[in-house]
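Written below as structure tokens is the structure these notes are about.
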Amino acid sequence: MADMDAFRDELARWAAGGAGDTAAELAADLGLRTAVLLEGPSDLAAVQALAAREDRDLTAEGVAVVSMGGAMSVGRYAGLLGPPGLGLRLTGLCDAREEPFYVRGWQRAGVARDFHVCVADLEDEMIRALGPERVEQVIRSEDELRPWQTFLAQPAQHGRPREQQLRRFLSTRKGRKIRYGSLLVEALDGGRPPAPLADLLTGL
């Protein structure tokens, strides 16, 4: 059986200017019908964690969840995966400031708008859904209390709202946003995910 990671790898090569034959073959083998376009790997981790929490196998459902490496690539990916390319249904998730890129991407693919927008970004949505105290509990459970306290002691953080401090902290070390993308979803403990993320999964 075709592998979703192999499809993502071939898609990235295609988006970078390579041939798309292998990606098309893998898409057919996987029975893909929908592509979820995400800005980066932390969003991918969150979507995959929520799908797992809901006992959903997105690959088996014909859904490819794709991290594009930045919103500016959405036009390219929409063209490759949407009606001009593989003919898949397009949906996705983006930050509010990146919404114009997504609008143009959907226009390029010639399809009606079908994506969900986070107020600032997905980390901001998750922090507000969980509350700062719960997010700090997750940080402590990951043995990152000392780095968190060191971060809070920085002059630039003095007087800032705790939500902003947490959001910034998640971006201060390579790989942290990706790791917490799934950890924060798991910390919901049965609670409702932020609306953009919940609506995305519901619509698949």
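Nothing here was measured: the structure is a model prediction, and the numbers come from that model.
The structure places NZ of Lys177 at 4.5 Å from OG of Ser171, a figure rounded to the nearest 0.5 Å. To the nearest 0.5 Å, atoms CG (Leu50) and CG (Leu188) are separated by 7.5 Å. Atoms CG and CG, on Leu32 and Leu86 in that order, are 8.0 Å from each other to the nearest 0.5 Å. Phe101 CZ to Met68 CE: the interatomic distance, rounded to the nearest 0.5 Å, is 10.5 Å. Atom CG of Asp121 is separated from atom CD1 of Ile127 by 7.5 Å, given to the nearest 0.5 angstrom. In this structure, CZ in Phe151 is found 7.5 Å from CZ in Phe169, a value given to the nearest 0.5 Å.
The pair Arg128-Glu163 does not count as a salt bridge, with every side-chain nitrogen at least 4.0 angstrom from each carboxylate oxygen. Between Arg179 and Glu144 a salt bridge is recorded (basic side-chain N to carboxylate O distance below 4.0 Å).
Pairs engaging residues 193-204 under the salt bridge (charged side-chain N to carboxylate O under 4.0 Å, His left out) rule: Arg192-Asp199 [sequence neighbours left out]. Among residue pairs with one or both ends in residues 174-201, none qualify as ring pair (Phe, Tyr, Trp, His ring centres under 6.0 Å); sequence neighbours excluded. Evaluation of the salt bridge (charged side-chain N to carboxylate O under 4.0 Å, His left out) test over residues 39-53, restricted to residues two or more places apart or in two chains, returns none. Evaluation of the salt bridge (charged side-chain N to carboxylate O under 4.0 Å, His left out) test over residues 148-160, restricted to residues two or more places apart or in two chains, returns none.
Here the shortest heavy-atom pairing between Leu152 and Gln157 reads O-CB, 4.0 Å. Of all heavy-atom pairs between Arg89 and Gly203, the closest is NH1-O, 2.9 Å. The shortest non-hydrogen separation linking Val103 to Arg113 is CG2-NH1, 4.0 Å.
Annotation: side chain of Leu170 is in contact with side chain of Leu184 (closest heavy-atom distance under 4.5 Å). Using a 4.5 Å heavy-atom cutoff, the side chains of Val117 and Pro196 are not in contact. In this structure, the side chains of Trp148 and Gln165 come closer than 4.5 Å at one or more pairs of heavy atoms. Val185 is listed as a side-chain neighbour of Met126, based on a closest heavy-atom distance under 4.5 Å.
A donor-acceptor pair is defined here as one N or O able to donate and one able to accept, closer than 3.5 Å; no such pair exists between the side chain of Tyr77 and the backbone of Val66. With hydrogens and angles ignored, the 3.5 Å screen pairs a side-chain donor or acceptor of Thr202 with a backbone N or O of Ala198. Side-chain atoms of Asp3 come within 3.5 Å of backbone atoms of Asp5 as a donor-acceptor pair (strictly under, hydrogens ignored). Between the Ser42 side chain and the Gly181 main chain, no donor and acceptor come within less than 3.5 Å of each other. Using modelled atom types, no side-chain atom of Glu61 and backbone atom of Leu204 make a donor-acceptor pair closer than 3.5 Å. His158 contributes a side-chain N or O that, together with a main-chain N or O of Ala153, makes up a donor-acceptor pair within less than 3.5 Å. Between the side chain of Glu10 and the main chain of Gly20, no donor-acceptor pair closer than 3.5 Å is present. The main-chain N or O of Ala19 is never found under 3.5 Å from a side-chain atom of Arg13 such that the two would form a donor-acceptor pair.
Partners of Trp14 by ring-ring contact (aromatic ring centres under 6.0 Å, His included), not counting sequence neighbours: none found. Qualifying ring-ring contact (aromatic ring centres under 6.0 Å, His included) partners for Phe7, counting only residues two or more places apart in sequence or in other chains: none.
Inspection of the Arg104 and Gln107 side chains reveals no N or O donor paired with an N or O acceptor under 3.5 Å. For Thr172 and Arg168, the side-chain atoms include no donor-acceptor pair closer than 3.5 Å. A donor-acceptor contact closer than 3.5 angstrom links the side chains of Gln137 and Arg134.
In the hydrophobic clustering of ILVMFWY residues, with side-chain heavy atoms under 4.5 Å counting as a link, Leu11 and Leu44 come out apart.
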